Amino acid sequence: MSEKYDVIIGLEVHIQSLTNSKMFCSCDARYFQKEQNTLVCPVCMGLPGALPVPNKRAIELCILLGLATGCDIESEIRFDRKHYFYPDLPKGYQISQYDQPICSDGEITIRDKEGENKVIEIERIHQEEDVAKSTHHTDVNGEYTLVDYNKSGVALIEIVSKPVINSAAEAKEYCAKLRQITRYLGVSDADMEKGQMRCEPNISVQEKGRWEYKDEKILPIGDYKLNPKVEIKNIGSISAVEKSIEYEVSRIIDDLEAGREIKQQTRGWDPEKGETIFQRSKESAEDYRYFPDPDIPIIEVTQSDIERISEQLTELPDIKVARYITEYGLSEYDAGVLTSERKTAEFFEDLVNQLEDKNMVKDAVNWLTGHIFALSKAKGIAVYELGMNVQDLASLISASSKKEININKAREILTESIEKSVDLNHLLNENLGSIVSDVESLTEVAQKVLGDNQQAVEDYKAGKESVIMYLVGQVMKETKGNAQPEVAKNILIELLQ
Ligand code: ZN
Ligand code: MN
């Protein structure tokens with residue numbers, strides 16, 4: 001970022017848990033595109049006398065994420081009230097956790113900009129509830145705000161990192177990795193466009209060599225005065241995490257260089273303008289008047305609970321990548337691409353298990369990352385949603401690997417089977433017999449092609465060797481794509497000589 005300054009970033013991330021019902025009541029938690037204020041009850045409306053009942057599945061998911069990130073799991077779960085006043089918070093407080101989060105001291109490994117592994121320590125993962133949604137309007141009635149309580153009380157997990165992230169790129173990596181892990185585990189869909197994951201970095205810029213990270217605190221060295229933190233609220237996309245931090249860091253450095261005082265403050269991100277906007281200044285830490293929620297009894301987490309939840313742990317992306325590299329000999333890049341989503345990885349593994357020969361794995365990878373990814377991209381859906389039968393696909397790839405079918409023909413029939421929902425195996429069987437690879441019949445075709453293309457023949461003899469590919473193309477045309485191009489090429493060269 002700069003020769004003179006260090007960037008110090010801590011991240012708070014909120015993700016919505018993948019539960020059917022809300023955190024403390026039985027209202028439906030799947031509020032997306034539902035009519036406003038239809039998924040509500042006295043508990044999530046904050047009506048007097050209503051009693052919260054904790055969602056067991058939500059707590060399991062929180063523990064599952066903690067286990068996957070190497071956290072210590074608390075054996076007694078307590079909930080606290082966090083007070084603040086806002087129209088989208090009907091009770092006047094949010095049920096959250098204060099000094100005893102369910103999970104603490106975990107880590108997530110990312111790649112830094114040198115491509116080296118970097119461990120980002122997680123301070124805590126705690127369980128809380130979401131607030132309602134306010135929308136602001138201006139019309140003939142003047143200015144007013146409407147509140148939709150469908151989202152009020154939806155289970156929310158907050159993940160707080162230690163301030164050990166040192167660039168916008170690292171922050172982006174961390175958020176992407178966290179999202180990937182929560183999706184792998186089924187803890188959350190973490191769809192940022194639907195607001196299911198929100199990132200809030202706090203950033204400070206300090207002079208190099210004048211501060212240290214000690215006892216988990218940023219401390220000044222000597223008479224250095226630390227610059228205060230700036231927080232960016234509610235970032236709704238992974239790319240905006242990087243862009244907003246880059247913007248903010250250069251804004252702070254400009255102020256420092258100009259000798260302007262840096263004030264502790266909260267800012268928002270305007271994705272259209274690509275800039276952060278001042279929201280409010282923070283003179284001191286906010287006083288939320290936390291106290292234990294007297295309505296919710298302490299929940300014991302036993303060893304057998306932990307064992308039961310551990311059974312839901314799945315092979316996580318880092319482990320998968322390492323295994324693909326050693327077990328299948330994949331490049332790190334290919335392994336990363338194939339494990340980006342759990343279902344894609346599972347599709348790949350199913351496919352590998354169906355191949356005739358383990359030596360065909362490399363071909364299968366090329367098929368997936370090449371032609372099949374292109375098809376899925378064109379359709380805007382995932383590979384596993386293309387409707388391919390894994391066994392039939394394995395037969396096609398095997399046939400192509402054994403050169404029983406021309407690769408272009410094989411691609412063509414795969415596309416056809418997807419586009420027209422035709423049985424792939426049927427198409428493969430139809431085309432298997434038609435391959436023209438015997439030298440005798442191909443020689444006949446090649447002779448005809450040479451006869452028809454005198455100019456090309458002369459060009460070739462005059463030293464323009466690239467013309468051979470044109471001639472191979474003509475052979476492919478004559479055989480309706482059923483020749484093996486390399487065989488055809490060899491025959492053509494032999495005839496030409
Ligand atoms: Zn409710
Ligand atoms: Mn929170």
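In this text, all values refer to a predicted model and were calculated from it rather than measured experimentally. Both counts, for ligands and for their atoms, begin at 1 and track the order of listing.
Residue contacts to the Mn ion (ligand 2): His126 brings no N, O or S atom closer than 2.8 Å. The Mn ion (ligand 2) has Glu158 among its coordinating residues (N/O/S atom, backbone or side chain, under 2.8 Å).
A cation-pi arrangement is absent between Lys82 and Tyr290, since the terminal nitrogen or guanidinium carbon is not both under 6.0 Å from the aromatic centre and inside a 45° cone about the axis.
With respect to the Mn ion (ligand 2), Glu128 has OE2 as its nearest N, O or S atom.
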Trace of the side chain to side chain donor-acceptor pair (under 3.5 Å) decision for Glu346 with Thr344: CA-CA 5 Å; Glu346 285 169 350; Thr344 304; over 6 Å; no
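For His83 (side chain) and Tyr288 (main-chain N/O), a donor-acceptor pair under 3.5 Å exists by modelled atom type.
Salt-bridge annotation for Arg289 and Asp287: absent, with no side-chain N of the basic residue lying under 4.0 Å from a carboxylate O of the acidic one.
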